[in-house]
Amino acid sequence: MKALDGVRILDMTHVQSGPTCTQLLAWFGADVIKVERPGSGDATRGQLRDIPDVDSLYFTMLNHNKRSVTLNTKLDAGKDIFTRLIVECDVLVENFAPGALDRMGFSWERIQEINPRIIYASVKGFGPGPYEDFKVYENVAQCTGGGASTTGFDDGPPTVSGAQIGDSGTGLHLALGIVTALFQRERSGRGQRVECAMQDGVLNLCRVKLRDQQRLAHGPLTEYPQYPNGTFGDATPRAGNASGGGQPGWIVKCKGWENDLDAYIYIITQAAAFDGLARTIGHADWLEDPEWNTPEARLPKLDRMYDEIEAWTKTKTKFEVMEILNPRNVPCGPVLSMKELSEEPSLRATGTVVQVDHPERGPYLTVGNPIKLSDSPTDVRRSPLLGEHTDEVLQAVLGLDAAAIAAAKESGAV
Ligand code: COA
C-alpha cells in the first residue's frame, strides 16, 4: 500500500512547477491523470529534444508514474468530459497563465459546484497585486523573489541558481499544500483552494536574506566578505560563497583545479573544529596566537585564513580533503559535478538516482523521490506517451462505453 492510494488527481499541469508537484503525489501513490491538449500535449514533450520525435528528457523526468489523457477542454464535448473528471477526482492541479481555467468556464466557484470535496491547487507567478496577471518562468521568479539579488559576487551581476527554486521549489510547496488540504478534508468534508505564487516560494527559500536585510540596520553583516574592508549599501548584498549561517565558510581549490572545473571543496571553519583544522593544514602556530585563536580575531581576515587553507587543499583531491577533515569534525563538501552524481553508487542504492526504461528512448537516468517514507516506498515508472491512457481512463474512471469514446474522438475532444 502507498500513502496516497485511493487519491485521484486531475493534473492540468505543464512545464516544470506543476508537474514536479503531481509527480511527487504520484510517487506517494496517487492516481495522477494528466490532461493534455490533443496533438501537442505538454509543450516540454518537444523542448530540448536530444532524440528526434521522442519525448524529451525535460518531459520524461517530470512526469513519471502518471497516466496521460488527451482532452480539448475548450470544446463543449471536452468540457463535458472534464466536468465528469472533476466529479471523480479529489484534487485538480493546474499552472496555466492566470485566468486560463476561468476562460474555459471553470472558475473556482464552478469547480466547487461540480464537486464540493475537490481541492483546487494552482501555481502562479505572483500572488494578488500589481503583477498578478503576468506569465512567469523559473528565472523570472528567481529575480522577483530575491534569489538573484542575493546570489553571486558583490563585484558581479545578480546571478540565478542552477537549482530550480522557482519551479521545482514552488511545486514542492504546492504538494505540501495539497496533502494538508486533503488532511483537513478528512475532518471538514470540504475541499479548498490551494495557491502558491512562485515569487512567494522563492522568497520563502531566501528567508535568511530577509533576516540579513533587517540585521543591516544594526551594523555590518560580519560574516559577509564585504566585512570589514568593503562597503555595505542599504540592501542585503551578494555574499559570494560565504556561509549563510553563523559559521564562516568558503569554497577552495583542490588538486587538479587547473583542468577540472569542479576540483573545489566547501569548508566550514566552525570554532569547535578549528583546532583540528589548523593542525591539519600545518598551522598549529595559530592555536597559541591571539591574532588567530578566537573566532573574533579570525573574522576580519577570513580571506587570508582561506588562502592558507587553500594552500593545503591544493595538494589533495577534493575526496582526500573530505576524508581527512570529516573525522576531525570539520564540515566540508566536495563540489560534485552532475557526471559524478549520476555515477555515485550510493545515490543509485537509495533510489535517488534511478535508471528508467522508456519504449521510445530506451534507458535514461532520472532523479527519483528524494522523500523516503518507510511505509510507502517509491517505485519510479516511466512517463506516459501522449494520450496513452485516454481510452482506459474514459472507460474505467468515467464509465464511457465504446460508442461514447468513439463519439468523443469524432468530435475532436480527445
Ligand atoms: N485544451 C484546450 N486548451 C488548453 C489545454 C487543453 N487541454 N491546455 C492548455 N490550454 C490552453 C490554455 O487554456 C491557454 O489558453 P488561453 O490563452 O486561451 O487561455 C493556452 O492553452 C496556453 O496556456 P498558457 O498557460 O498561457 O501557456 P503559455 O505557454 O503561454 O505560458 C507559462 C506558459 C508557464 C508562462 C504560463 O502557463 C504561466 O505563467 N503559468 C503559471 C506560472 C508557472 O507555473 N510558471 C512556471 C512554469 S514551469
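In listed order, ligands and their atoms are each counted from 1.
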task: Return yes when atom CG of D375 has more than 12 non-hydrogen atoms of other residues, nucleotides or ligands closer than 6.0 Å, and no otherwise.
output: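 Not more than 12 within 6.0 Å, no.
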- request: Return yes when atom OH of Y131 has more than 12 non-hydrogen atoms of other residues, nucleotides or ligands closer than 6.0 Å, and no otherwise.
  value: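 For Y131, atom OH is not crowded (no more than 12 foreign heavy atoms under 6.0 Å).
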Measure and list all N/O to N/O distances between ligand 1 and the protein that fall under 3.5 angstrom.
from, atom 1, to, atom 2, distance (Å)
ligand 1, 1 (N), T73, N, 3.1
ligand 1, 1 (N), T73, OG1, 3.2
ligand 1, 7 (N), L71, O, 2.9
ligand 1, 15 (O), K74, NZ, 2.9
ligand 1, 18 (O), K74, NZ, 2.7
ligand 1, 19 (O), R103, NE, 2.9
ligand 1, 19 (O), R103, NH2, 3.1
ligand 1, 21 (O), R37, NH1, 3.4
ligand 1, 21 (O), R37, NH2, 2.9
ligand 1, 25 (O), A97, N, 2.8
ligand 1, 26 (O), K135, NZ, 3.2
ligand 1, 30 (O), K135, NZ, 2.4
ligand 1, 37 (O), H14, NE2, 3.0
ligand 1, 37 (O), N95, O, 3.3
ligand 1, 37 (O), A97, N, 3.1
ligand 1, 39 (O), V136, N, 3.1
ligand 1, 40 (N), N95, O, 2.9
ligand 1, 40 (N), F96, O, 3.4
ligand 1, 44 (O), S17, OG, 2.9
ligand 1, 44 (O), N95, ND2, 3.0
ligand 1, 45 (N), V136, O, 2.7

- prompt: Which residue pairs satisfy the salt bridge (charged side-chain N to carboxylate O under 4.0 Å, His left out) criterion with at least one member in residues 132-149, sequence neighbours excluded?
  reply: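 As it turns out, there is no salt bridge (charged side-chain N to carboxylate O under 4.0 Å, His left out) pair with a partner in residues 132-149 once direct neighbours are skipped.
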- request: Establish, from distance only, whether the side-chain atoms of S122 and E195 form a donor-acceptor pair under 3.5 Å.
  value: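 Per modelled atom types, S122 and E195 side chains form no pair under 3.5 Å.
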- prompt: Does anything in residues 80-118 pair up under ring-ring contact (aromatic ring centres under 6.0 Å, His included), and if so which pairs, sequence neighbours excluded?
  reply: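 Every ring-ring contact (aromatic ring centres under 6.0 Å, His included) pair that includes a residue of residues 80-118, provided the two are not neighbours, is H14-F96, F82-F106, W108-Y120.
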Anything under 3.5 Å between a donor and an acceptor, one on a side chain of residues 207-220, the other on a protein residue two or more places apart or in another chain? List them.
from, atom 1, to, atom 2, distance (Å)
R207, NE, N204, OD1, 3.4
R207, NH2, N204, OD1, 2.7
K209, NZ, Y224, OH, 3.4
R211, NE, V208, O, 3.4
R211, NH1, G244, O, 3.4
R211, NH2, G244, O, 2.7
D212, OD1, R215, NH1, 2.8
D212, OD2, Y224, OH, 2.4
Q213, OE1, T236, N, 2.9
Q213, OE1, T236, OG1, 3.2
Q213, NE2, D234, O, 3.0
Q214, NE2, L210, O, 3.1
R215, NH1, E223, OE2, 2.8
R215, NH2, E223, OE1, 3.1

